[in-house]
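Here is the naming used below: chain letters follow the sequence lines, and residue numbers restart at 1 for every chain. When reading the values below, keep in mind they use all heavy atoms of this one structure, side chains included, and skip hydrogens, waters and symmetry mates.
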Amino acid sequence: MLEHLGSFERTHYCGEISEKDVGKEVRVAGWVDTTRDHGGVVFTDLRDRTGKVQIVFSPEISEELVEKAKKLRHEFVIAVKGEVRRRPPGTENPKLKTGEFEIYARELQILNRSLPLPFPVEDEVKVSEEVRLKYRFLDLRRPKMAQNIIFRHRMYQVVREVFNREGFIEIETPYLTKSTPEGARDFLVPSRIYPGKFYALPQSPQLFKQILMVSGFDKYYQIARCFRDEDLRADRQPEFTQIDFEMSFVRERDVMEVAEKVLRALYRELLGIEIGEIPVISYDEAMERFGTDRPDTRFGLELKNITDIAQKCNFKVFRSVAEKGGIVKAINFEGGAELSRKEIDELTKFVGIYGAKGLAWIKVLPEGKLQSPIVKFFTEEEINEILRRLNAKPGDILFFVADKPDVVNAALSNLRLRLGKMAGLIDEGKVNVLWVVDFPMFEWNEEEERWEALHHPFTSPREEDVDKLLEAPGEVRARAYDMVLNGVEIGGGSIRIHREDVQEKVFKVIGLSDEEAKERFGFLLEALKYGAPPHGGMAFGLDRLCAIMRGEESIRDVIAFPKTQRGQCLLTGAPDTVRKEQLEELHIEVKEGEEEA
RNA sequence: GGGGACGUAGUUCAGUUCUGGUUAGAACGCCGGCCUGUCACGCCGGAGGUCGCGGGUUCGAGUCCCGUCGUCCCCGCCA
């Protein structure tokens, strides 16, 4: 039954049949989307990656041909030779790009069959992700998914165009490299030649690109795969792609300008959107106003600090928090006074996820009266100052969280997002980009009782802070910058340390002994001794950016073959056990009872 | 490591708790037949189920209990 391609040569893609082809003989090939058998005439929608076109099999051409066409089923692979005709008046299909035309088939080759499908190949498919991932080859035939993947391809091209035009050199860095402590868990690759030794897959090309600067390449870029063995989320995969670049003899602004060029080109050329001036705000300001270093500034509902009032008030919950170094912040959910007790309870539960022990509230009723479980603890002056500071009007509800700063900020920044969504305050059409700068260099890790690099330990401190590195690490500011798009961190970078003495100091602050530093990063320290130029760079998260630009919720929908939340590839079944001989060659023994069936 | 939602034909779901009871339904898809302008074609007929898996309670379990596996969302984690 199946036929060979023979001398068939495709002349057109399905989705590209147009006015100029009318009357011409064309040859198309693809997958059978649907067939409609009318007894006499048979209609088939033929699909390839460009779209669909209707094929007509008519008994007026050949009874035999129609009989053959009746055998077509979903996703059969066929090649068709026929004449493009304008459809008879009244039978045009406005839903199809090619809906004014159709191909009158003269020849039909059935090249392959398909089993009945586990799910229909169409955009509005309501099927579990589990099934989609198992049959990813079918999922990727769905026009929306195919377009996502093609869009991603076009992103690579635009990115390369910009960097090439700006004089950057594309260089590949190794995937088999050295494990580095600090940061995420590494994926390890055992060495066959060196028993007991391991390569690590890179968490980023960071160290290699810095070394390339020392080598004098001056401007480097790469669309690089990165690997991190951490738990997954909707926006996190164990392997992901970065648009990575690095430049020598630059300051923050130079790097940021290149990044802006890349982002602007992507939006202009792929979506026809011009991105305007990109504002810059400090980390401190972002934390104060939004409670996060990646604020979504498409809407208001900003946080207000009332710790000073809390310190003096008679509400013990607030006051004791303030006295212990905690803070109290509040948010005015305008027009929210109609929230029910149940809804408030739900929001209380919601902030609990982020560690908040409670959610205090004050309703300003339409007639101006206050309703709240906590007003009785405050003087009239204090209440008036709170209302003034939050710009509260009748009909509003104020929410308060008191706790350690990170808990308050996490709880309220997430509450802000939730309320913004709930009230429909977020304009999904907006493209809101901003820079966050002036990050602290270090963060105190309470569990490990040591300072940690907030960005990474190769980030340069500000010149004027270098002297404070050892005495007051908490006050040191980093020369780092993050790019935030609609509340998503899409990229980040920094001016790096190019002096060995400064790099050693930073290692010391984060508790890395000289020996350890040498052991793990000796090659970097060594390189810094041989004429390392001042340099800096940045990396964009390509998957996230692609997902945002395509309006997808999950980066899995812009990755051809993603992993599940437990890190499995449902298509191939990875990870999987390997043969005993393979393990032996690698000098690896799996502990008894820890093997999965 | 923790919290939550879900798991029943190929697929999406109903049935599941309060209230366990003979033969587990629907839609789409699939198979067969009819139909010359459909495009979510239409009409007639048919097949298709280890109710995720294991154990328990019971005269009797899709339904109740315990465990386990899987998918998704979140917290921790992700320099």
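With a cut-off of 3.5 Å on both pairing distances, B:A14 has no Watson-Crick or G-U wobble partner at all. Nucleotide B:U68 has B:G52 as its partner under the Watson-Crick or G-U criteria, with both atom distances under 3.5 Å. Across all strands shown, B:G21 is found opposite B:C59 as a Watson-Crick or G-U wobble partner, with both distances under 3.5 Å.
For an aromatic pair to be called close, the ring centres must be under 6.0 Å apart, and A:F521 with A:F507 satisfies this.
Residue A:F119 is out of contact with every strand shown, counting any heavy-atom pair closer than 4.0 Å.
Scanning atom types as modelled, no donor and acceptor separated by under 3.5 angstrom connect the side chain of A:Y354 and the base of B:G3. Below the 3.5 angstrom threshold, one finds no donor paired with an acceptor across the side chain of A:E92 and the base of B:G37. Interface remark: the A:R566 side chain does not form any donor-acceptor pair with the B:C72 base, using a distance-only criterion of under 3.5 Å. Not a single donor-acceptor contact under 3.5 angstrom links the side-chain atoms of A:R228 to the base of B:C78. On a pure distance criterion of 3.5 Å, a polar donor-acceptor pair joins the side chain of A:D37 and the base of B:C35. Under 3.5 Å, the side chain of A:R87 and the base of B:U38 form at least one donor-acceptor pair of N or O atoms.
Side-chain proximity of A:R73 to B:C30, B:C31, B:C72: nearest is B:C31. The nucleotide whose nearest atom lies closest to any side-chain atom of A:H74 is, among B:G29, B:C72, B:G70, B:G29. Ranking B:G76, B:C73, B:U71 by closeness to the A:A234 side chain, first place goes to B:C73.
Cation-pi geometry between A:R225 and A:F240 is not met at under 6.0 angstrom from the ring centre and within 45 degrees of the axis.
Annotation: ring-ring contact (aromatic ring centres under 6.0 Å, His included) contacts of A:F198 (sequence neighbours excluded): none.
Where A:N93 and A:P118 meet RNA chain B, the nucleotide closest to each residue was compared, and A:P118 sits on the side nearer the 5' end.
No more than 12 heavy atoms of other residues, nucleotides or ligands sit less than 6.0 Å from atom OH of A:Y199.
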